[in-house]
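Just so you know, ligand 1 is whichever comes first in the structure, and atom 1 is the first atom listed for that ligand.
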Amino acid sequence: MSKLTDIMKNRMAFSFELFPPKTEKGTATLLGEGGVLDKLMTMKPDYISCTYGAGGTNVGLQVPVLDAIKAKGADPVAHFTCIGNTREGIREQLQNYLDHGIENVLALRGDLPFGWTGTGGDLRYATELVKFIRQEFGDKFTIAVAGSPEGHIACRSLEADISFLKQKQDEGADFIMTQLCWDMDQFRRWMDAIRKAGITMPVDVGIMPVLAMDSTINMALSRNGCVIPRALSEIISKHWIFPNPFAPNESEESIAAKKAAFLEAGLEYTVRLIDEYRVCGISGIHLYALNKYEHVARLVEMSGIKDM
Ligand code: FAD
């Protein structure tokens with residue numbers, strides 16, 4: 001049993017997700033002395049993962065971010081996708097992770113760049129990637145895989161999606177990291193369904209903090225087609241800041257006040273969501289930290305998750 005699944009067997013795991021910064025300033029803010037990563041480390045996460053550039057872009061800084069996570073004492077998890085990657089390229093990149101002491105990988109198909117119909121690489125699905133990693137590297141990696149409680153946007157049915165998730169387990173995956181899901185009724189149905197399907201892997205729930213209106217709508221609808229439940233819709237409606245026919249000349253002050261009020265309501269909403277998740281038989285809370293500290297720290301404090 002791997003270190004991470006071992007933790008999940010005994011208690012709820014607690015982790016963050018970062019992305020590779022695109023600018024020097026972003027890098028200094030995240031990785032510099034006393035920067036965001038140093039501050040996140042004070043909350044003692046079990047692991048920190050770093051994304052792999054969507055469509056194979058912006059991969060460059062992933063390994064330096066993972067190195068920094070390891071150097072500061074947390075377990076690094078490398079997201080990895082099939083997009084544009086040959087078998088040889090996959091082998092090289094995974095060996096490079098091992099050479100850097102990075103032994104946890106989130107094996108993904110990856111989001112297809114706009115207009116693409118396939119991955120443009122040698123492997124088509126995450127199931128094939130999990131199989132390839134086990135064939136090439138045996139047990140050297142702990143392998144996490146994605147799960148979509150609402151069904152992946154392109155799946156032909158929820159049943160098909162769950163059967164592919166089972167296949168990921170059969171190919172050797174160790175645990176599930178979930179796509180954002182604000183629809184708790186659907187999440188509970190999905191948990192029942194995957195357990196009935198024989199999926200026994202621990203479920204580590206990805207939580208997208210509700211901090212700003214535009215990013216909340218963007219995260220739900222730009223790629224994943226996620227349900228925005230009534231309670232969250234109400235928060236968005238009450239603090240609406242986009243072109244507003246009822247207040248076409250709204251002042252900057254009014255907009256700033258609405259953004260601040262949205263943030264408070266969003267934090268409270270996220271804490272209640274975490275409470276609901278914690279009683280659903282899950283094995284971990286994975287906070288999409290979005291390379292930020294202050295709001296994430298408030299969420300951790302308000303929800304009490306670092307003491308799980
Ligand atoms: P798969 O499991 O391969 O599924 C893709 C689709 O194909 C689904 O509709 C599924 O039902 C179907 N399918 C699966 N297997 C088969 C099969 N054998 N035959 C037919 N159909 C099949 N993307 C990035 O680019 N970079 C990241 O860093 C990143 N991080 C993520 C982190 C988390 C926690 C999650 C949940 C997602 C992340 N993603 C990331 C997004 C992810 O790459 C997308 O959701 C992608 O569209 C699907 O990836 P997957 O691994 O779930 O694909």
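Both the backbone and the side chain of Arg109 come within 4.0 Å of ligand 1, counting heavy atoms alone. Residue contacts with ligand 1 for Thr178 involve N, CA, C or O but no side-chain atom from C-beta outward (heavy atoms, distance under 4.0 Å). If you look at Arg124 next to ligand 1, there are no close heavy atoms at all, none under 4.0 Å. Residue contacts with ligand 1, taken as heavy atom pairs separated by less than 4.0 Å, involve Tyr125 via backbone and side-chain atoms alike. If you look at Thr81 next to ligand 1, the close heavy atoms, those under 4.0 Å, all belong to the side chain.
Comment: Arg195 does not engage Asp192 in a salt bridge, judged by the lack of any side-chain N to carboxylate O separation of less than 4.0 angstrom. Using a cut-off of 4.0 Å between Lys/Arg side-chain N and Asp/Glu carboxylate O, Arg134 and Asp174 are scored as salt-bridged. Comment: Lys258 does not engage Glu253 in a salt bridge, judged by the lack of any side-chain N to carboxylate O separation of less than 4.0 angstrom. Salt-bridge formation is not detected for the pair Lys131/Glu128: no Lys NZ or Arg NE/NH1/NH2 atom is positioned less than 4.0 Å from an Asp or Glu carboxylate oxygen.
Counting heavy atoms from C-beta outward, Asn104 and Ile102 have side chains that stay 4.5 Å or more apart.
Of the candidates Thr119, Leu106, Leu165, the one placing a heavy atom closest to atom 32 (C) of ligand 1 is Leu106. Selection from Lys168, His152, Glu159, Gln167 by nearest heavy atom to atom 47 (O) of ligand 1 gives His152. If you check each of Ala126, Pro113, Pro20 against atom 1 (P) of ligand 1, the one with the closest non-hydrogen atom is Ala126. Distances from atom 26 (N) of ligand 1 to the heavy atoms of Tyr288, Tyr52, Phe80 put Tyr52 nearest.
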Check against side-chain contact (heavy atoms from CB on, under 4.5 Å), Asp75 and Asp46:
CA-CA 7 Å; Asp75 231 349; Asp46 293 307; over 6 Å; no
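Taking the six-membered ring where tryptophan is involved, the planes of Trp190 and Phe187 are tilted, since the angle between them lies from 30° to 60°.
Applying the 4.0 Å criterion to heavy atoms of Thr51 picks out, from ligand 1, the atoms 28 (O). Interface of Ala146 with ligand 1, defined as ligand atoms under 4.0 Å from a residue heavy atom, comprises 36 (C), 52 (O). Heavy-atom contacts of His79 reach the following atoms of ligand 1: 27 (C), 28 (O), 29 (C), 30 (N), 31 (C), 32 (C) (cutoff under 4.0 Å). Listed by number with element, the atoms of ligand 1 under 4.0 angstrom from any heavy atom of Cys155 are 9 (O), 11 (O). When each atom of ligand 1 is checked for a heavy atom of Ala154 under 4.0 Å away, the hits are 9 (O).
The closest side-chain donor-acceptor pair between Asp67 and His100 falls under 3.5 angstrom.
Taking the six-membered ring for Trp and the full ring otherwise, the centers of Tyr47 and His286 sit less than 6.0 Å from each other. A ring-centre distance under 6.0 Å is not found for Trp116 and Phe114.
Looking at ligand 1, you won't find any N or O of Met177 less than 3.5 Å from one of its N or O atoms.
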